[in-house]
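Ligands are counted one by one from 1 in listed order, and the atoms in each one are counted from 1 as well. Any value given below was found using the heavy atoms of this structure, including those in side chains, with hydrogens, waters and symmetry copies removed.
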Amino acid sequence: MSITEEEFGFATRSIHAGAQPDPATGARNTPIFQTNAFVFDSVDQAASLYNLQTFGHIYSRISNPTVAVLEERVANLEGGRAAVACSSGHAAQLMAFFPLMAPGAEFIASRNLYGGSITQFSHTFRRFGWTVHFVDPREPENFRSALTKGCKAIFVEQLTNPAGIVVDLEKIAQIAHEAGIPLIVDNTMGTPYLCRPFEWGADIVTHAMTKFLGGHGAAMGGVVVESGAFDWGQNDKFPGLTKPEPAYHGLTFHETFGDFGYSVNARAVGLRDLGPSLAPMNAFLILTGIETLPIRMERHVANALKVAEFLDGHSAVSWVSYAGLPASPYHALARKYLPRGAGSVFTFGVKGGFDTGVKVVESCNLWSHLANVGDTRSLILHPASTTHRQLTDEQRQAAGAGDEVIRLSVGLETPEDLILDLDRAFSAAARPTIKAVSS
Ligand SMILES: *Cc1c(COP(=O)(O)O)cnc(C)c1O
């Protein structure tokens, strides 16, 4: 049975898309195919697999049946054509760019990204000869102004962390398409339940499945999804997709595979040669997480709104940056792009700056002090003293991680408990510190 987007609702597809009872055993849940390799029927069949003439599994670095169910599920939920899963969100970003880039190539990225992405793009990608130009994403025209001849893509994050910006996807997609290049959207914070980038013109979506898709803080994973709508042959910017590939007997990915040629390239060249494949066990854990994605996201959003409203009215808090609050400058964009809610990761400022920020996170009991988001558990972080510690004051301000900023990832606990724990932490932080005396 094929679980198509036209016929079935999001919740049904979250549970069923890509999966079917195991034909060999009848197992109803997707088995964990914990095997490195797959037996060939014959030498001829092996040859056709290697030549990409038949689809099938050879070796789990390139594809695996458990991982394949996950890939099909995420592609379905995003409304995309095909997907390639990887070992982490960062691996997915590398895999997303790899089919498009070559030494000397450039791309434009929003300057408001997950901190690790800024480092990956500006330092490590640089060593491949790829140059990133960062722009302020709040004004879409900034992307047009930064276009260069060698530019191969525009990359943005929807619902950026930690600044909480909602970007105008439709306008940015238009600018990318006028330049003949794809728009890549990191939809980790939105998830396909809250935000559907392809409906606004995005061409490629990436996720850190580590976060809300897995949803339980238990498995790292990433995925690249292709919409199938971008015409790679419209110009000569993407020779990796439109010119014969020497390592596959002169096969041309765009011509041979059409609307999923980019994904076949990301797998058959990217995963094959760079190797960041997703472990079957992690694919299973993430699949299990996705089964409850819609109900988890609804509760994440409801809890986040309650916590944000509490903070907004608290005397220890100077501001709250949550696009779900009507006073947010991004509220109108959030209603357009995230109609079911503005996620559950946001920041607020405490009066008293750096020291108070540190005391608040250290005084929480229920909220876990750690650097992650998208867990069932509620998480709290003071970026200035942790994730953004290496940056200069100026860079921290620009990233939305000033001294007074605290970041929350609101989990699925009873919201009153979360609010009480924060309230107690504010009281504890307001008390003068008493130095411990050792005996
Ligand atoms: C965590 C995260 C990443 C990186 O994902 P990893 O799985 O940690 O490699 C990328 N983008 C966003 C928005 C993230 O939150």
Measure the distance from atom 7 (O) of ligand 1 to every protein heavy atom, then report the residue, atom name and distance (to 0.1 Å) of the closest one. T210 OG1, 2.6 Å
E157 heavy atoms within 4.0 Å reach ligand 1 at atoms 13 (C)
Please examine the side chains of V307 and F346, heavy atoms only from C-beta on, and report whether any two atoms are closer than 4.5 Å. yes
Would you say H207 contacts ligand 1, with heavy atoms under 4.0 Å as the rule? no
For atom 13 (C) of ligand 1, the protein heavy atom that lies nearest, with its residue and separation: D186 OD2, 3.4 Å
Hey, are the side chains of L408 and V345 touching, using non-hydrogen atoms and a 4.5 Å cut-off? no
Would you mind checking which non-hydrogen protein atom is closest to atom 6 (P) of ligand 1, with the distance to 0.1 Å? G89 N, 3.3 Å
Going by the atom numbers of ligand 1, which of them fall below 4.0 Å from some non-hydrogen atom of S88? 7 (O), 9 (O)
Report yes if the distance between the aromatic ring centroids of W130 and F107 is under 6.0 Å, otherwise no. no
Within the supplied structure, the quantity of interest is the number of heavy atoms (other residues, nucleotides, ligands) at a distance under 6.0 Å from D273 CG; does it exceed 12? yes
for atom 9 (O) of ligand 1, nearest protein heavy atom and its distance come out as H90 N, 2.8 Å
Nearest to atom 2 (C) of ligand 1 by heavy atom, K211, Q158, Q120, Q93: which? K211
Using the benzene-type ring in the case of Trp, are the ring centres of H382 and F354 under 6.0 Å apart? yes
Measure centre to centre between the rings of F121 and F155, then say whether the value is under 6.0 Å. yes
So which protein heavy atom does atom 5 (O) of ligand 1 come closest to, and at what separation? A208 CB, 3.1 Å
Between F198 and W200, is the ring centroid distance below 6.0 Å? no
Short N or O distance, V373 and ligand 1, threshold 3.5 Å exclusive: no
Counting from 1 in the order shown, the ligand 1 atoms closer than 4.0 Å to a non-hydrogen atom of M189 are 15 (O)
Would you indicate whether E178, at its atom CD, is surrounded by more than 12 heavy atoms from other residues, nucleotides or ligands within a distance under 6.0 Å? yes
Protein heavy-atom partner closest to atom 8 (O) of ligand 1 - residue, atom, separation in Å: M220 CE, 3.7 Å
